[in-house]
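These figures come from a predicted structure and were not determined experimentally.
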Amino acid sequence: MKKQHTPLQKNRKRIGFFTLAALLAVCLTLLVNIAVGALPITVKQRNLAKINTYPLSGASRDWISDLDTDVELFLLCRGGELGMDRDLYGFLNGYAKASERITLRVVDIAANPKALDDYTQMLPSDNSVLVKSEKRYRILDNTELYFYDVPEIGRCTSEEYSLILEYLLAYDTTGKAAQSASENTTVYFDGDEVITNALQFVTLDRVPHVYVLSAHETDAPTAAMQTALFRKGFALDFITTLSTVPDDCDMLLINAPKEDLGEDEQAALSSYLSCGGKLFLTTSHQSVELPRLGEVLSAFGMRFTGGNSDYLAEGSSMQQIQGAKNNCFYATINSSHGATGSFFDDVVVISAHPILLDEVEGVTVTPWLYTSEDGILIEYDEETETSAENPTRAQYVFGAIAESKNTSIVWISCGDILSDALNAYSSNGGNYTLILSAIQYINRTAVHDIEGTPTAVTQNILAVSETQGTVFAAVAVLVLPLSVLTIGFAACRARKKRE
């Protein structure tokens with residue numbers, strides 16, 4: 001006799017079948033997701049290079065087409081592919097698509113903290129980029145890939161932008177000025193120019209070398225200025241004495257020394273310059289008693305005035321800065337000199353001191369930065385320890401360039417000319433732009449600038465990061481099905497008790 005199943009037994013079998021099918025479906029979905037997640041991102045998102053927000057310019061593509069050296073790009077981010085900036089990855093992938101010489105990898109610097117031990121002792125910002133060839137490398141911090149266009153100020157770096165906001169917060173404690181500046185500031189992605197120039201830097205046969213004197217209480221160039229020099233293709237090192245100038249020194253940078261040179265340093269600097277050396281020098285009005293340095297400069301037609309702590313101010317309203325004292329003013333620039341290049345922005349100086357120029361046989365000395373004809377000399381009286389305006393108005397030089405055969409000296413008598421704060425005062429970071437133009441002028445072997453195309457960064461408040469997407473996917477394929485199964489089991493048990 002055939003065994004008959006009760007309705008309850010049939011219902012249990014049916015429930016068991018559907019439960020098992022649901023579990024198998026969940027397991028299969030999880031396996032597929034794990035398998036897809038293990039695929040390289042270039043396979044999962046093959047069109048990233050085609051639809052990325054940041055396009056690769058024609059100038060960059062033209063340069064890449066002639067690349068004959070293998071280069072590796074590493075996108076450095078915490079969380080690897082899950083934590084990376086997808087737009088930045090797509091942009092970098094455009095380089096890899098444009099040349100077989102360029103490869104791209106994503107490095108999880110959280111999971112592999114020692115991955116950068118050979119390059120830096122400090123972890124860079126998330127989504128920074130390492131550019132590497134067999135010749136050299138460069139790490140581009142994520143902040144270097146962007147700049148800010150601030151109303152009434154123009155282009156500035158992230159560090160300068162922070163300084164501007166700090167100043168506005170101090171000026172207006174309500175925060176309205178800083179909020180207004182923030183709301184009207186446009187952020188631009190500048191990776192096209194930054195990364196292409198970095199590619200050029202790591203593939204050059206020889207890089208011009210700048211040595212910065214760190215002795216005699218000099219001021220080190222700011223991080224922003226050092227970064228700007230790196231971007232222009234210069235290698236940067238520090239030396240603690242001028243007694244021996246390194247053989248590979250293409251240019252010396254001495255920034256606002258407060259102590260004079262030693263006798264051996266004076267002799268070494270004179271020898272270096274007489275053999276075709278390059279010098280970029282800044283001095284402060286508070287430290288002009290530097291007789292040995294003065295003797296070196298006088299051999300090239302430039303000298304201190306001898307007035308200790310005397311400084312300049314501007315009497316012309318056209319050169320004065322609104323809201324600032326008259327010792328902080330816009331410089332008049334000699335636009336005809338090659339060091340100026342195509343520069344057309346403003347340069348701001350504060351408390352510069354006069355430079356006197358003389359005729360020296362075989363040397364061409366050119367006034368480069370100066371006041372208007374209404375320049376004011378603020379003279380310091382050591383006896384009374386007070387300062388007063390000289391009643392005579394005149395044009396004063398505070399920036400000059402001396403050239404003799406292969407020798408070049410650029411001297412700016414403003415001790416703060418290499419400061420981020422003063423650079424932020426100038427329009428579009430004009431101080432640093434003009435200084436870099438002069439440094440490139442006296443160093444003919446510097447990297448050739450490749451001008452990229454900045455892209456305005458738009459923020460999409462509905463954008464979902466890949467990490468968030470992974471969480472949502474886990475909820476969809478795991479949490480929700482298990483929740484349904486739990487509810488089903490609970491319903492079955494409740495029905496069983498009723499029966």
Are Asp250 and Arg206 close enough for a salt bridge, meaning some N to O gap below 4.0 Å?
yes

Exercise: identify the closest heavy-atom pair between Met84 and Cys77
CB-SG, 3.6 Å

Examine the side chains of Thr196 and Ser60 and answer whether a donor and an acceptor come within less than 3.5 Å of each other.
yes

Taking atom types as modelled and ignoring hydrogens, do the side chains of Asp346 and Ser426 form a donor-acceptor contact shorter than 3.5 angstrom?
no

Do Thr69 and Arg101 have side chains that approach each other closer than 4.5 Å (heavy atoms only, starting at C-beta)?
no

Measure across Ala228 and Leu436 and return the closest heavy-atom pair with its distance rounded to 0.1 Å.
CB-CD1, 3.6 Å

Any luck finding a side-chain donor-acceptor pair between Asn255 and Thr218 under 3.5 Å?
no

Geometric cation-pi criterion Arg136 and Phe201, 6.0 Å radius, 45° cone:
yes

So, do Tyr161 and Thr185 sit near enough that their side-chain heavy atoms are less than 4.5 Å apart?
yes

May I ask you to check whether Phe91 and Phe189 place their ring centres under 6.0 Å from each other?
yes

Below 6.0 angstrom between ring centroids: does that apply to Tyr119 and Tyr137?
yes

Check whether the side chains of Thr227 and Tyr432 place a donor and an acceptor atom closer than 3.5 Å, and report yes or no.
no

Classify the side-chain pair Trp411/Thr282 by whether it contains a donor and acceptor separated by less than 3.5 Å.
no

Quick one: do Asp149 and Arg155 make a salt bridge, cutoff under 4.0 Å?
no

If we count only N and O atoms by modelled type, under 3.5 Å, do the side chains of Asp237 and His209 hold a donor and an acceptor together?
yes

Asn334 and Tyr370: side chain donor to acceptor below 3.5 Å
no

Using the ring of Phe74 (Phe, Tyr or Trp, six-membered ring only), decide whether Arg105 places NZ or CZ under 6.0 Å from its centre and within 45 degrees of its axis.
no

According to the interplanar angle, ranging from 0 to 90°, do the rings of Tyr188 and Phe147 count as parallel (below 30°), tilted (30 to 60°) or perpendicular (above 60°)?
parallel

Run the side chain to side chain donor-acceptor pair (under 3.5 Å) check on Tyr441 and Glu403 step by step: do they pass?
CA-CA 11 Å; Tyr441 169 78; Glu403 298 170 281; 2.8 Å; yes

Does a donor on one side chain sit under 3.5 Å from an acceptor on the other, for Ser57 and Asp192?
yes

How far does CG of Leu269 sit from CG of Leu261, to the nearest 0.5 angstrom?
6.0 Å

If you compare all heavy atoms of Val71 against all heavy atoms of Leu199, which two are closest, and at what distance to 0.1 Å?
CG1-CD2, 3.3 Å

What's the verdict on side chain to side chain donor-acceptor pair (under 3.5 Å) for His285 and Ser413, showing C-alpha distance, side-chain angles and the deciding distance?
CA-CA 7 Å; His285 77 286; Ser413 59; over 6 Å; no

Provide the closest heavy-atom pair for Ser274 versus Phe300 in the form atom of the first, atom of the second, distance.
N-CZ, 4.5 Å

Hey, does Leu290 have a side-chain heavy atom less than 4.5 Å from the side chain of Lys258?
no

Can you give me the closest heavy-atom contact between Val107 and Ala115, atom names plus distance?
CG1-CB, 4.1 Å

Is Met225 close to Leu229 at the side-chain level, that is, under 4.5 Å between some pair of heavy atoms?
yes

Determine the minimum heavy-atom distance between Glu265 and Thr241, stating which atoms define it.
OE2-OG1, 3.2 Å

